[in-house]
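Numbers here simply count residues along the sequence, with the first being 1. Ligands are counted one by one from 1 in listed order, and the atoms in each one are counted from 1 as well.
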Amino acid sequence: MNSYEGKTYHVVTYGCQMNVHESEKIRGILSTLNMLETDDVEKADVVVFNTCCIREGAEDRAYNNIMALKKNKEENPNKVIVVLGCMPQQKEGKYDFSKKLKHVDIVLGTHNTNDLAQYLLKYAITKKRIVDIWEKPKSNLESTACVRDDFVNAYVNIIYGCNKFCTYCIVPYVRGREMSRTPQTIYAEVKDLVQNKGYKYITLLGQNVNSYGKDLKEKTTFSELLSYLCTIEGDFKIKFMTSHPMDLGDDLIKTMKREPKIAKTLHLPVQSGSSKILKAMNRHYDIKHYKQIIRKLKHAMPNISLSTDIIVGFPGETEKDFMQTYKLLKYVKYDQVFAFMYSPRTGTPAAKFENQIDEKTKNVRVNKLLRLQKIIQKDQMKKYFNKTYNCLIKFINGVAVGITDGGKEIYIPNYKFVNQNYFALVKVEGIRNHKLSGVIK
Ligand code: SAH
Ligand code: SF4
Ligand code: F3S
């Protein structure tokens, strides 16, 4: 019996897939204290904010929601509020959790979330505010429990941290250096998820999955890891994110093409279409190289679904630089584009660059890109016609739907099916009102 047994918790998550998965681990930790999850942030006995600081907007959102609980905490002094993750880990963050925001009881960083249970138990005894942020990880990378959000797709971490130091990005400062899990532990986790828990998609996570294994005693490449995981028996597919163009070699393209268990989809952030800006961003590739990778990918896997991240308004981005990004979108024809306005992050080199771009210009540019992408996506529907995709079959509102590796839905109106969550080949035979329809082959 511990003091949290039978009490309720609520986890609020901001940021990337890695943070979403981190929150699944946090829920696992809280459930090992025999706590129960609730949707009600006001009534929860323990509230955990798992934060992100990639852009100022993400920080402001978290801060406002943490502040909104102040009154609730005053009325319920026994409530425990925890803030952890990337925001408190910053050295010079916009909001100072160590001194201000006194209604927050426990403040942790990114390197000690696995020890959340111990911190909560200590707090229950002392009732004294805890602020503990480590410079580096000390605890084991392997967490024990995990309460997953989804029953079809499971996230699996393969590498933590980042060594790339893109000049705009805060991640290397708050997540530390690259640390790969061993192939054996990843294999065991994936095997369990597929064979015992019935997961259909496994999404391998890392800030840069292509760096996987470089730091291990027994050096392994990401392609080798993928091939190894594909030996696991079962009806499942592997996705992964994020890939850095600099480290994406021909071996990965070959492995993706060869292995039917690897989903034919790739998120390949380009950030800018201008080689000058890419250099200033410290991305280590130019646009010629990026386009070459895209050509190779499309040649090897004609049905591949591609997505990207773009930053507009990086310091020094001229209209000409921006138009190169605009043209790149037309060239690649991504299935999805995530475009962000550059947000200066204190402590990163680019925040100190001269020639920062004003917010209005950033806004105009981001909207221009998004408008273009909308047109491209509409136009892209044509490419599905008469093609066959290996889809996950699901039941949506009473109709069978095949979901492609890239997430496109193909309605299968004339199909009487018995169960769902299995893979089958679906041929697209119609496009109407921006919806695809097809038949099972
Ligand atoms: N590791 C991944 C992405 C991590 S962050 C990669 O290398 O691509 C996710 C996205 O946020 C980035 O791809 C980038 O487009 C965006 N981003 C990162 N820092 C940013 C900043 N300071 N301002 C605006 N967008 C940023
Ligand atoms: Fe940030 Fe660059 Fe690392 Fe991605 S690769 S997390 S953008 S520093
Ligand atoms: Fe945000 Fe941290 Fe992810 S800053 S994007 S939650 S690594």
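Under a 4.0 Å criterion applied to the non-hydrogen atoms of T242, ligand 1 contributes the atoms 2 (C), 6 (C), 8 (O). Annotation for ligand 2: atoms under 4.0 Å from non-hydrogen atoms of P172 are 8 (S). Annotation for ligand 2: atoms under 4.0 Å from non-hydrogen atoms of F165 are 8 (S). Near R283, the atoms of ligand 1 lying under 4.0 angstrom from a non-hydrogen atom of the residue are 7 (O). Taking a cut-off of under 4.0 Å to the non-hydrogen atoms of K164, the atoms of ligand 2 that pass are 3 (Fe), 5 (S). Contact atoms of ligand 1 toward P269: 8 (O) (distance under 4.0 Å to a heavy atom of the residue). Within the listing of ligand 2, atoms 2 (Fe), 7 (S) sit less than 4.0 angstrom from a heavy atom of R283. Near C162, meaning under 4.0 Å from any of its heavy atoms, are these atoms of ligand 2: 3 (Fe), 5 (S), 6 (S), 8 (S). Shown in contact with Q271 at under 4.0 Å from a heavy atom are these atoms of ligand 1, numbered in order with element: 8 (O), 12 (C), 13 (O), 14 (C), 15 (O).
Between F240 and F222, the angle of the ring planes goes over 60°, which puts this pair in the perpendicular group of the 30/60° scheme. Below 30°, between 30° and 60°, or above 60°: for Y63 and Y95 the angle between ring planes is below 30°, a parallel geometry.
H267 and S307 form a side-chain donor-acceptor contact under 3.5 Å, judged by distance and modelled atom types alone. Side chains of R295 and Y331: a donor-acceptor N/O pair is present below 3.5 angstrom, by distance only. With 3.5 Å as the limit, one finds no donor-acceptor pair spanning the side chains of S275 and D286. For T265 and D405, the side-chain atoms include no donor-acceptor pair closer than 3.5 Å. No side-chain donor from either of D45 and Y9 sits under 3.5 Å from a side-chain acceptor of the other. For the residue pair T167 / N282, no side-chain donor-acceptor distance below 3.5 Å is found, with atom types taken as modelled.
N208 places no side-chain N or O within donor-acceptor distance of the main-chain N or O of K164, the cut-off being under 3.5 Å. A donor-acceptor pair is defined here as one N or O able to donate and one able to accept, closer than 3.5 Å; no such pair exists between the side chain of R175 and the backbone of Y160. No donor-acceptor distance shorter than 3.5 angstrom exists from the side chain of K261 to the backbone of D235, with no hydrogens or angles considered.
The side-chain hydrogen bond (donor to acceptor under 3.5 Å, both in side chains) test with N157 is passed by exactly one of Q17, K25, E189: K25.
Here the protein heavy atom with the shortest distance to atom 6 (S) of ligand 2 is Q207 OE1, 3.5 Å. Given atom 4 (S) of ligand 3, the protein heavy atom at minimum distance is C53 N, 3.3 Å. Here the protein heavy atom with the shortest distance to atom 7 (S) of ligand 2 is Y168 OH, 3.3 Å. In this structure, the protein non-hydrogen atom closest to atom 13 (O) of ligand 1 is D309 OD2, 2.6 Å. Considering only non-hydrogen protein atoms, atom 1 (Fe) of ligand 2 sits nearest to C169 SG, 2.3 Å.
Residue-level proximity to ligand 1 for M281 is absent, since no heavy atom of it falls below 4.0 angstrom. When non-hydrogen atoms are compared, ligand 2 lies under 4.0 Å from neither the backbone nor the side chain of P269. Within the 4.0 Å heavy-atom criterion, both parts of I54, backbone and side chain, lie near ligand 1. Neither the backbone nor the side chain of N208 comes within contact range of ligand 2; no heavy atom lies under 4.0 Å. The proximity of S343 to ligand 1, defined as any non-hydrogen pair under 4.0 Å, involves the side chain as well as the backbone. Only backbone heavy atoms of M341 (N, CA, C or O) come within less than 4.0 Å of ligand 1; its side chain stays farther off.
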Determine whether Y199 and F236 satisfy the following criterion, ring-ring contact (aromatic ring centres under 6.0 Å, His included), listing intermediate values before the conclusion. CA-CA 7 Å; Y199 279 94; F236 75 101; over 10 Å; no

Give the intermediate values and the outcome of side chain to side chain contact (heavy atoms under 4.5 Å, CB included) for residues L266 and M241. CA-CA 8 Å; L266 190 71; M241 67 188 312; over 6 Å; no

Would K383 and D335 satisfy salt bridge (charged side-chain N to carboxylate O under 4.0 Å, His left out), going step by step from the backbone distance to the final call? CA-CA 11 Å; K383 82 173 181 191; D335 289 284; 3.2 Å; yes

Hey, mind stepping through Y173 and F165 against ring-ring contact (aromatic ring centres under 6.0 Å, His included) and telling me if it holds? CA-CA 8 Å; Y173 304 90; F165 289 95; 5.4 Å; yes

Dump the intermediate steps for ring-ring contact (aromatic ring centres under 6.0 Å, His included) on Y201 and F423, then the final yes or no. CA-CA 11 Å; Y201 275 110; F423 290 102; 5.5 Å; yes

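In terms of polar-atom proximity, R55 is counted as a contact of ligand 1, with an N or O under 3.5 Å from an N or O of the ligand. Taking distance alone, with nitrogen or oxygen atoms compared against 3.5 Å, R345 stays at or beyond that limit from ligand 1.
Ring centers of Y384 and Y389: under 6.0 Å apart, within the cut-off.
Ion pairing of K276 with D321 is present here, as a side-chain N (NZ or NE/NH1/NH2) and a carboxylate O approach within less than 4.0 Å.
Relative to atom 2 (C) of ligand 1, the option among Q17, Q207, H267 with the closest non-hydrogen atom is Q207. Taking all heavy atoms of G206, G161, C166 into account, the minimum distance to atom 8 (S) of ligand 2 is reached by C166. Remark: among candidates F340, Y342, Y168, the nearest residue to atom 19 (N) of ligand 1 is Y168, based on non-hydrogen atoms.
Note on atom 3 (Fe) of ligand 3: protein N/O/S atoms under 2.8 Å are C16 SG.
The closest approach between a heavy atom of I311 and any atom of ligand 1 is below 4.0 Å. A heavy-atom separation below 4.0 Å is not found between R175 and ligand 2.
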